[in-house]
Amino acid sequence: MGMKQSSMLSGLVVIVAGILTGLFSLNLVVGIGNAMNNVGLSLLVVCLFVALFLGVWHGICSFVVKRSKIALDVVRKKQSIAFLSFFVLGLFPVTSFVAIPSNFASFSSLPSLLLLMVALSLYVLLALLLLDVEIKSKKIPMKFVYCAAALFFVVVTLLASLKHHSFYSTAFDLGLYNQVMHGYAQGSVFSSILSFSILADHVQPILFLLTPVYWLFSSPLTLIVIQSLAIAIGSIPLFLLGRKYLKHEIAAFALFVGYFFVPALWYPALFDFHPLTLAVPFLMYAVYFLVEKRYGLMVLFLVLAGLCKENLALLLVPFGIYLFLKDKKRVFGAVLAVIGAVWLYVNLEVVIPYFIERFPRGISFDVFNYYNDTPLDTIKHLFSVDTIGLLGLLFMEYGFGVLSLFGLPILLLGTTEFGILVARQGSSLADIVYHHQVSSIVFVILSALFGIVVLNKWLPKLKLKYVVRKNIVPALAFFALATSVLSFSFYGPFALLYDVSDFNPSSPYVENGMSIISLVPEDASVAAANWVIPHLSGREHAYRLKDVVNRPEFTGFPEYIVLDLGEAVEDAKRSANLISREQYSFLVSSERYGVVAVEGNWVLLEQGADH
């Protein structure tokens, strides 16, 4: 093929990529049927994308020619190959056949967005792999790393605090754990929100270690700050490992920045508080010290992770197997695996049963079983569309799972956590917005890093014609960064669940609510809606309205009841479906209580007050 023909073909590839992206965008925004009814607008959109793609192509080619002195036609040919990634957008009609359950309305456009995510991420990967200008490594001072982690900490803490102060936190679990920590600080293990001890359901000794902090700062904000700090600290070992094993600090920093966009870390950071999230830095450092063969510190951080939730003790088993098989530490590995199994047994068969006997479960745990009833049910669930979809979204967040599969030994360290995640009864696509996957994502991220190390050894052996050898590591690192940024944009917390404009503590609604809450004496028993309880849970007797209405034999009749009669009752983001307006009416009409204060839509009832 002549040089002129080759150049024309390269241009044609870019133009077709622009046309397909334009059609895809029209289908995503207005539907292709509606777009065809307005041919002029459709042609304009398509032409804009073609012009954009041609401009990007020309800009990159000019940059490369200027820096490398390679012939323009050669550069154009190579860079046009990257635009082939957008050809996958031609599959957009198929996305309409992907069934999304009707109760997940926020996910309706997800199949199309995932297709776009594939196209954009692959473009970044191919464009950098084919770039005839070396992406050189530059020294990244650790102060930049610490500053980036600190910035993430501040942003997440601020957003989570604003969310809480705007009545978007919930009884389960910020209200619950605030009361648990308040009780621990006072020497009690009983929770009125549960009507039993949290130790009858979860073994989380890490909370006892945090009790001194509650002696000084007893507030839900304390838990929010600790949780945000834990996730931020987890980024540090990722950079340290990247810098050492990738031998390219820009690539290591790209992976490090990508960590801060992973939805599986953002959702737990914003969704109340869960001790499981505190395991993130411990697990990151446990893997770091395992790889560095500093086994004493590895065990220390594994133990700290195991203190965060009962099932994390089982992680000692895959770590022990890794030591036994890969590091040839036969005795050490075997002993570690046995200790992990025994530790889990003690948690499930000794500690929890002991507290169940002391504090029989009253309100909450007779309606839902966390795990499937039989092994066969679990196997069926493992291969269900819901499970595959959940795991698919999780792996797409950091390198599409491809990078992680090449780092398989590290990925397998999380085998037990992946198993527990998918074995949960009722786990589905929507679980991506909760905290259950936060321990699993650690192994996805770290295995992606070591997957890049493996690919950097393998790809040159394939002798791919156009791939620039020196750019393999940074190209793969920026590919991982692209997938995390795009997943955050397409199905992160602010794409599916939250609107930052809703986080407004200075609104009249919030100010009225805080005014009513301030009237409740600190030592009084109180009941409130799911989204109000976190602000009242730092006391011995706090209850959800649902439980006062449905299970008064467990809650009794609290001295005060706080009612929010506004639109929040129907707001699913506040788990408002836990109580109905009819139940509100029941409480208001009860002769036990009288109204003692009204602020806007907020009402305070007191037992014994004039009805």
Side-chain angles (χ1 to χ4, degrees), residues 202 231 234 238 259 262-265 267-268 274-284 286-287 290 301-302 305-306 308-323 325-326 336-337 340-341 343-344 347-348 370-372 375-451 480 483-484 487 491:
H202 291 305
I231 298 175
L238 177 64
Y259 173 95
V262 173
L265 295 174
Y267 278 115
H274 303 89
L276 178 64
T277 308
L278 303 185
V280 169
F282 301 142
L283 293 176
M284 295 290 285
V287 175
L290 170 65
F301 281 97
L302 274 179
C308 295
K309 196 175 180 184
E310 64 281 350
N311 56 278
L312 291 175
L314 197 58
L315 277 172
L316 272 66
V317 174
F319 273 77
I321 293 173
Y322 182 100
L323 290 168
L325 297 177
K326 193 171 189 302
L336 191 66
W343 187 3
L344 180 70
N347 285 341
L348 299 183
Y370 267 166
Y371 299 103
N372 293 286
L376 181 60
D377 289 336
T378 300
I379 293 172
K380 289 179 179 178
H381 186 64
L382 179 63
F383 293 99
S384 68
V385 173
D386 281 330
T387 301
I388 294 171
L390 175 61
L391 289 177
L393 290 180
L394 189 64
F395 276 91
M396 287 189 78
E397 293 178 11
Y398 209 79
F400 282 167
V402 175
L403 300 181
S404 296
L405 290 176
F406 281 99
L408 192 59
I410 300 299
L411 183 64
L412 291 177
L413 291 173
T415 300
T416 54
E417 285 305 289
F418 288 115
I420 290 169
L421 176 66
V422 300
R424 287 182 62 253
Q425 187 181 91
S427 62
S428 69
L429 197 66
D431 270 21
I432 200 70
V433 307
Y434 296 109
H435 64 286
H436 306 291
Q437 75 282 359
V438 72
S439 54
S440 302
I441 196 64
V442 167
F443 301 100
V444 174
I445 292 171
L446 290 171
S447 59
L449 187 157
F450 287 98
T483 58
S484 64
S487 59
Y491 58 93

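These figures come from a predicted structure and were not determined experimentally.
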In chain order, what residues pass the ring-ring contact (aromatic ring centres under 6.0 Å, His included) check against [X], with sequence neighbours excluded?
{"X": "F400", "answer": "F479"}
{"X": "Y267", "answer": "none"}
{"X": "F301", "answer": "Y285, F289"}

Please report the closest heavy-atom contact between [X] and [Y], naming both atoms and the distance.
{"X": "L312", "Y": "S439", "value": "CD2-CB, 4.2 Å"}
{"X": "Y398", "Y": "S484", "value": "CD1-CB, 4.3 Å"}
{"X": "L403", "Y": "A480", "value": "CD1-CB, 3.9 Å"}
{"X": "E310", "Y": "L344", "value": "O-CD1, 3.5 Å"}
{"X": "L394", "Y": "A264", "value": "CD1-CB, 3.8 Å"}
{"X": "L336", "Y": "G320", "value": "CD2-N, 3.9 Å"}

Do I321 and L412 pass the side-chain contact (heavy atoms from CB on, under 4.5 Å) test, and can you show the C-alpha distance, the side-chain angles, and the key distance before you say yes or no? CA-CA 10 Å; I321 293 173; L412 291 177; over 6 Å; no
Short side-chain to backbone donor-acceptor contact, Y491 and L393, under 3.5 Å: yes
Pairs under 3.5 angstrom only: tabulate donor-acceptor contacts from the side chains of residues 441-451 to other protein residues two or more places apart or in another chain.
from, atom 1, to, atom 2, distance (Å)
S447, OG, S404, OG, 3.2
S447, OG, F443, O, 2.6
S447, OG, V444, O, 3.1

For Q437, give me all partners under side-chain hydrogen bond (donor to acceptor under 3.5 Å, both in side chains), at least two apart in sequence or on another chain. none
List the residues meeting side-chain hydrogen bond (donor to acceptor under 3.5 Å, both in side chains) with S487, not counting sequence neighbours, and say none if there are none.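 If we apply the side-chain hydrogen bond (donor to acceptor under 3.5 Å, both in side chains) test to S487, skipping adjacent residues, there are no hits.
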Measure the spacing between CZ of F395 and CG of L390 and express it to the nearest 0.5 Å.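 The CG atom of L390 is 10.0 Å from CZ of F395, to the nearest 0.5 Å.
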How long is the span from the CG atom in L265 to the NE2 atom in H435, to the nearest 0.5 Å?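 Here the interatomic distance stands at 14.0 Å.
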Are more than 12 heavy atoms from other residues, nucleotides or ligands located less than 6.0 Å from atom OH of Y434? no
In chain order, what residues pass the side-chain contact (heavy atoms from CB on, under 4.5 Å) check against A305, with sequence neighbours excluded? A279, F282, L283
Checking L405 now: which residues fulfil side-chain contact (heavy atoms from CB on, under 4.5 Å) with it, not counting sequence neighbours?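 With neighbours one apart ignored, the set is L411.
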Could you tell me if the side chain of L348 sits less than 4.5 Å from the side chain of N311, heavy atoms only? no
